[in-house]
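Bear in mind the structure is a predicted one, so any value in this text is a computation, not a measurement.
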Amino acid sequence: MFNFFKKKEEETKEIILYAPADGELIKVEDVSDPVFAQKMMGDGYAVRPTNGTVTAPVDGNVSTVFPTQHAVGLLSSKLEVLLHMGIDTVSLDGKPFDTVVKESQKITHNDVVSTMNLQEVLDAEKETDIVVIFTNGDEVIESFELTTSGTVTKGQEVGRVTLK
């Protein structure tokens, strides 16, 4: 039969990336943790925050909330995104974080994911960088580009990903 009304699927899809916090946007290569900086978990970007409000860097769904509240997994289309709050903060056992999202929750880039007590992280001699990593990027990303640099505000568009 004829498929006049069947919509053809798009071959590529663009995902807009947003700053997850107020602060300085940095390339993932400039994060002090070698696992992130050497892209062992995937490509991405980070923000050195000036306050503790952390919002979603993409529109999508919450796939995982780590028990220690320092990281949240997100899914935007077929792109898997890890939102990691602070460097080496898993050892803090969730104390500086008040993560408010739940698994399977639909989110937009303006939604608060967590509140991070920056002073408590610094007092524990950890860094406060908020890292956004594309954990399945090798499989699904055609191109990734940061479109801004310097000081950003949470929810500000900072880049784009084009999916294969």
| field | Distance, nearest 0.5 Å, that separates CD of Glu142 from NZ of Lys13 | value | 15.0 Å

| task | Taking the side chain as every heavy atom from C-beta outward, state whether Ile87 and Val131 have any atom pair closer than 4.5 Å. | result | yes

| Do Val81 and Phe134 come within less than 4.5 Å of each other through their side chains, counting heavy atoms only? | yes

| Given side chains that start at C-beta, do those of Leu79 and Asn136 come closer than 4.5 Å, heavy atoms only? | yes

| field | Inter-residue atom distance Ile107.CD1 - Lys102.NZ, 0.5 Å rounding | value | 14.0 Å

| Going from NZ on Lys78 to NZ on Lys164, what distance comes out if it is rounded to the nearest 0.5 angstrom? | 8.5 Å

| field | Chi angles and distances behind the side chain to side chain contact (heavy atoms under 4.5 Å, CB included) call for Ile130, Met116 | value | CA-CA 10 Å; Ile130 299 168; Met116 180 174 163; 4.2 Å; yes

| Would you call Thr162 and Arg160 a side-chain contact if the rule is heavy atoms closer than 4.5 Å? | no

| Shared ILVMFWY cluster between Phe144 and Tyr18, side chains joined below 4.5 angstrom? | no

For residues 27-44, please give each side-chain donor-acceptor pair under 3.5 Å, one per line with the distance, not counting sequence neighbours.
{"residue": "Glu29", "atom": "OE2", "partner": "Lys39", "partner atom": "NZ", "Å": "2.9"}
{"residue": "Ser32", "atom": "OG", "partner": "Glu127", "partner atom": "OE1", "Å": "3.2"}
{"residue": "Ser32", "atom": "OG", "partner": "Glu127", "partner atom": "OE2", "Å": "2.9"}
{"residue": "Asp33", "atom": "OD1", "partner": "Val35", "partner atom": "N", "Å": "2.8"}
{"residue": "Lys39", "atom": "NZ", "partner": "Asp43", "partner atom": "OD1", "Å": "3.4"}

| query | What about Phe97 and Leu118, same hydrophobic cluster or not, with Ile/Leu/Val/Met/Phe/Trp/Tyr joined at side-chain heavy-atom distances under 4.5 Å? | reply | yes

| Worked check of side chain to side chain contact (heavy atoms under 4.5 Å, CB included) between Asp111 and Val101 | CA-CA 9 Å; Asp111 291 340; Val101 294; 5.9 Å; no

| query | Crowded around Asp138 CG? As in, over 12 foreign heavy atoms under 6.0 Å? | reply | no

| note | Shortest non-hydrogen pair, Val47 vs Pro20, comes out as CG2-CD, 3.7 Å

| request: Treat each ILVMFWY residue as a node, draw an edge where side-chain heavy atoms are under 4.5 Å apart, and state whether Leu92 and Phe66 are in one component. | output: no

| query | Rounded to the nearest 0.5 Å, how far apart are CD of Glu24 and OG1 of Thr151? | reply | 6.5 Å

| task | Can you measure from CG (Asp98) to OG1 (Thr53) and round to the nearest 0.5 angstrom? | result | 10.5 Å

| field | Sub-4.5 Å side-chain heavy-atom contact between Met85 and Ser114 | value | yes

| request: Determine, using the 4.5 Å side-chain heavy-atom cutoff (strictly less than), whether Tyr45 and Leu83 are members of one ILVMFWY cluster. | output: yes

| said: Is the shortest side-chain heavy-atom distance between Ser91 and Lys126 below 4.5 Å? | reply: yes

| query | In terms of hydrophobic clustering (I, L, V, M, F, W, Y; side-chain heavy atoms under 4.5 Å; direct or indirect links), are Ile15 and Val132 co-clustered? | reply | yes

| task | Nearest 0.5 Å please: distance from the OG1 atom of Thr147 over to the CD atom of Gln156. | result | 8.5 Å

Which donor-acceptor pairs under 3.5 Å do the side chains of residues 67-77 make with protein atoms, sequence neighbours left out?
{"residue": "Thr68", "atom": "OG1", "partner": "His70", "partner atom": "ND1", "Å": "2.5"}
{"residue": "Gln69", "atom": "OE1", "partner": "Thr99", "partner atom": "N", "Å": "2.7"}
{"residue": "His70", "atom": "NE2", "partner": "His84", "partner atom": "NE2", "Å": "3.4"}
{"residue": "Ser76", "atom": "OG", "partner": "Asp59", "partner atom": "O", "Å": "2.8"}

| task | Mind running side chain to side chain contact (heavy atoms under 4.5 Å, CB included) on Lys154 and Asp22 for me, showing each step along the way? | result | CA-CA 5 Å; Lys154 65 183 174 296; Asp22 298 337; 3.7 Å; yes

